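To keep things clear, I will list the structure first and then write my remarks on it.
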Amino acid sequence: MPISLYNTMSRSVEQFKPISDETVKMYCCGPTVYNYAHIGNLRTYIFEDVLKRTLLHAGYKVTHVMNITDVGHLTGDGDDGEDKMEKSARESGKSVWDIARFYTEAFFKDFDALHNLRPDITCKATDHVADMIALIQRLEKGGHTYVAGGNVYFSIDTFPDYGRLARLDLNELRSGARIDVDDNKRNPKDFVLWFTNSKFGEQAMMWDSPWGRGYPGWHIECSAMSMKYLGEHFDIHCGGIDAIPIHHTNEIAQSEAATGHTWVNYWLHGEFLLNDTGKMSKSSGEFLTLSVLTSKGYDPMDYRFFILGGHYRSQLKFSWQAMDTARTARGNLFDRIAALKAGAAPAKSLGEAASRWCASFDEHVFNDLNTPRGLADLWGLLKDDTISPAEKLAAAYRMDTILGLGFESLSARQAEESIVDDPEALALVARRVEAKKARDYALADEIRDKLDAMGYAVKDTPDGTRLMKKM
RNA sequence: GGUGCCGUACCCAAGCGGUAAGGGACAGGUCUGCAAAACCUCUAUGCAUCGGUUCGAUUCCGAUCGGCACCUCCA
């Protein structure tokens with residue numbers, strides 16, 4: 001079954017055809033590790049993970065590369081802002097290297113908790129400065145650069161196709177450009193490849209280069225590292241939608257100017273997660289991380305389920321109500337799966353009905369990653385009375401290859417419930433059990449009310465009375 | 001100013017030319033001493049408004065109204 005993907009370059013859904021029949025080469029823009037990732041950032045990694053899993057499910061091998069930006073991109077407007085890593089280091093009193101290491105670990109903790117498959121290659125910008133320098137030299141040789149004010153710039157006028165991805169109108173840009181503080185630029189859209197002249201003095205991270213001691217520009221690392229690990233022409237490059245007009249536009253310019261040919265075939269971009277006030281941001285507003293969610297009693301899979309419920313190219317509005325909905329639905333789903341696991345082993349092969357649900361699932365997800373529709377197929381499968389538990393389980397596992405909710409490693413819901421160790425509550429439960437045995441239901445109900453007031457819920461199940469803390 | 005997106009039931013959210021997926025919530029039911037949980041059933045003659053194209057439009061085109069994002073480190 002063919003996979004169709006929306007390519008930002010053509011602004012249309014295209015049938016995916018890899019360069020090589022076997023291995024799909026995919027590069028994803030990774031985190032800048034100067035702070036925790038917020039759940040909006042994490043949405044994009046889930047989208048990329050679904051993309052990767054879909055390719056794997058379709059039978060491709062995938063080489064997935066992701067960068068870790070541990071050279072601070074700058075904070076301010078234009079090329080003269082303060083280095084983010086520097087700022088973070090200064091504020092916390094740690095070295096920039098410590099900061100980078102700390103947040104890289106924190107990032108992967110969240111990444112793993114969300115069941116994202118690790119990239120095959122994770123590459124740090126600071127390990128590849130030599131590759132960046134080599135690429136800049138190549139551009140220099142091709143006449144695409146100029147030095148001004150101590151910095152090396154990329155001249156977009158040497159690359160006629162500049163701005164195609166973002167559909168920028170260059171004439172428009174030139175006349176309507178904002179006030180540009182950098183007088184060194186020949187064209188306001190030119191960008192820095194190598195800095196030796198920082199407005200903010202000595203940086204902690206500096207390297208020697210043919211142009212003097214300094215540090216790389218913001219975009220060059222992705223070009224240098226992706227080409228190093230995936231070659232000069234590869235299949236997929238993805239990231240957040242905000243990367244289109246500047247970051248990816250500049251990456252394309254410098255990469256294709258260097259090689260003289262097409263760099264990437266498919267450009268995929270994930271939409272933003274919004275909150276009440278608009279987009280989530282590290283620099284303003286509420287800073288929601290995965291650990292904030294888990295501290296409020298949500299499972300990382302609640303968040304993944306929530307994200308899977310919206311299409312990756314649509315803005316999705318975060319709310320606590322939406323998280324509650326996701327938690328309930330995911331809980332119901334896990335209960336069904338757990339019940340199936342308790343009663344049957346997954347079937348070796350699928351019958352017609354189960355196969356039909358799987359085919360429908362594949363069709364929907366292969367069509368530009370329509371996970372909301374895929375989830376509907378999963379529910380349809382689970383509610384289909386004509387299918388045996390063993391087949392349901394096998395089919396659900398198949399779907400989970402893409403959904404990544406972790407059905408195979410899941411245990412029953414009881415295990416997730418917090419264990420009550422309050423002696424007073426436990427004593428009350430014991431008294432209630434006695435009261436029930438004596439058919440004194442008035443007392444039993446009274447005790448239930450009392451426990452309720454204490455924040456506990458009592459459930460009588462076939463296996464006995466259970467007590468749990470209310471959320 | 002430029003680029004792009006959205007407005008579908010109480011809420012979230014698919015569908016994008018052939019007569020409205022799914023989840024949550026609500027309600028009813030089965031079960032239960034009662035509850036809870038679970039399971040079953042039900043919930044839009046309708047897809048912002050007004051025109052147009054079409055045998056047929058939620059889906060295409062135009063206008064209007066109302067939201068939003070990106071263009072600045074940002075997923």
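In what follows, chains are A, B, ... by sequence order, proteins preceding strands, each numbered from 1. Given the structure is predicted, the values throughout are model-derived calculations rather than measurements.
- The nucleotide whose nearest atom lies closest to any side-chain atom of Leu274(A) is, among G22(B), C73(B), C68(B), C68(B).
- Remark: A63(B) base-pairs with U49(B); criterion is Watson-Crick or G-U wobble with both hydrogen-bond distances under 3.5 Å.
- For Pro372(A), the listed nucleotide lying nearest its side chain is A13(B); candidates were C39(B), C71(B), A13(B).
- Between U45(B) and U3(B), the two C1' atoms lie 39 Å apart (nearest whole Å).
- Across all strands shown, Gly310(A) has heavy atoms under 4.0 Å from sugar-phosphate atoms exclusively, and none from any base.
- On the P atoms, U59(B) is 15 Å away from U19(B), given to the nearest whole Å.
- In a base pair of the Watson-Crick type (N1 to N3 plus N6-O4 or O6-N4) or a G-U wobble (N1-O2 and O6-N3), with each distance short of 3.5 Å, A44(B) is matched with no nucleotide.
- Across all strands, Ile246(A) comes closer than 4.0 Å only to sugar-phosphate atoms, never to a base (heavy-atom distances).
- Counting any heavy atom pair closer than 4.0 Å across all strands shown, Ala322(A) reaches no nucleic acid atom.
- Between Asp362(A) and Arg398(A) there is a salt bridge, since at least one side-chain N of the basic residue sits less than 4.0 Å from a carboxylate O of the acidic one.
- Across all strands shown, A69(B) forms a Watson-Crick or G-U wobble pair with U3(B), both key distances being under 3.5 Å.
- If you check every strand for non-hydrogen atoms under 4.0 Å, Arg373(A) touches a base.
- For the OP1/OP2 pair of A14(B) and a distance below 4.0 Å, the side-chain nitrogens and oxygens of Ser314(A) include at least one atom meeting the criterion.
- Between Phe108(A) and Phe111(A), the ring planes lie perpendicular to each other; the angle is over 60°, past the 30° to 60° tilted range.
- When the P atom is used for both U32(B) and A27(B), the distance is 22 Å, rounded to whole Å.
- Residue Asp242(A) places its side chain closer to C74(B) than to any other of C74(B), G4(B), C34(B).
- For the pair Lys436(A) NZ and U32(B) P, the computed distance is 12 Å after rounding to whole Å.
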Atom pairs, protein N/O to nucleotides 23-25 of chain B N/O, distance under 3.5 Å:
unit_1: G23(B); atom_1: OP1; unit_2: Lys383(A); atom_2: NZ; d: 2.5
unit_1: G24(B); atom_1: OP1; unit_2: Asn332(A); atom_2: OD1; d: 2.7
unit_1: G24(B); atom_1: O2'; unit_2: Thr325(A); atom_2: OG1; d: 3.4

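- Counting only N and O atoms by type, the side chains of Asn67(A) and Tyr27(A) include a donor and acceptor under 3.5 Å apart.
- Between U49(B) and U58(B), the distance separating the two P atoms is 11 Å to the nearest Å.
- With distances taken from any side-chain atom of Asn41(A) to the nucleotides A69(B), C40(B), C74(B), the minimum falls on C74(B).
- Proximity note for Phe272(A) (side chain, C-beta onward) versus C39(B), A69(B), A14(B): the nearest is A69(B).
- Across all strands shown, U54(B) remains unpaired; no Watson-Crick or G-U wobble contact has both distances below 3.5 Å.
- As the counterpart of C39(B), G29(B) is assigned, both hydrogen-bonding distances of the Watson-Crick or G-U wobble pattern falling under 3.5 Å.
- With sequence neighbours excluded, no residue forms a salt bridge (Lys or Arg N to Asp or Glu O under 4.0 Å) with Asp384(A).
- Remark: the separation of the C1' atoms in U64(B) and C55(B) is 29 Å, to the nearest Å.
- No more than 12 heavy-atom neighbours from other residues, nucleotides or ligands sit within 6.0 angstrom of CZ on Arg439(A).
- A residue-by-residue look at Phe306(A) and Ile241(A) shows that Phe306(A) has its nearest nucleotide of RNA chain B further toward the 5' end.
- Considering only residues two or more places apart in sequence or on other chains, Asp235(A) meets the salt bridge (Lys or Arg N to Asp or Glu O under 4.0 Å) condition with none of them.
- Along RNA chain B, the nucleotide closest to Pro245(A) and the one closest to Leu42(A) are compared, and the more 5′ of them pairs with Pro245(A).
- When heavy atoms are screened at a 4.0 angstrom cut-off, Leu316(A) is found touching the sugar-phosphate backbone but no base atom.
- Between Asp368(A) and Arg313(A) there is a salt bridge, since a side-chain N of the basic residue sits under 4.0 Å from a carboxylate O of the acidic one.
- Residue Arg313(A) is classed as having no contact, given no heavy-atom separation below 4.0 Å to the nucleic acid.
- If you measure from atom NE2 of His38(A) to atom P of C73(B), you get 16 Å, rounded to the nearest angstrom.
- For Arg336(A), the salt bridge (Lys or Arg N to Asp or Glu O under 4.0 Å) criterion is met by no residue, not counting sequence neighbours.
- In this view, Asp449(A) satisfies the salt bridge (Lys or Arg N to Asp or Glu O under 4.0 Å) rule with no residue, not counting sequence neighbours.
- Close to A36(B), at under 4.0 Å from its OP1 or OP2, lies no side-chain N or O of Arg448(A).
- No side-chain donor-acceptor contact under 3.5 Å links His57(A) to the backbone of Arg53(A).
- Atom C1' of A63(B) sits at a distance of 39 Å from the matching atom of C26(B), rounded to the whole Å.
- Rounded to whole Å, the C1' atom of G23(B) lies 34 Å from the corresponding atom of G33(B).
- A heavy-atom distance below 4.0 Å to RNA chain B is reached by these residues of residues 362-371 of chain A, ordered by number: Asn370(A).
- For Arg164(A) and U3(B), the CZ to C1' distance is 16 Å, given to the nearest whole Å.
- A salt bridge does not link Lys52(A) to Asp49(A): none of the charged nitrogens lies less than 4.0 Å from a carboxylate oxygen.
- Aromatic ring centres of His247(A) and Trp218(A): separated by at least 6.0 Å.
- Nucleotides A20(B) and C12(B) have their P atoms positioned 22 Å apart, rounded to a whole Å.
- Atom C1' of nucleotide G67(B) and atom NZ of Lys317(A) are separated by 8 Å, given to the nearest angstrom.
- Across all strands shown, His311(A) has heavy atoms under 4.0 Å from sugar-phosphate atoms exclusively, and none from any base.
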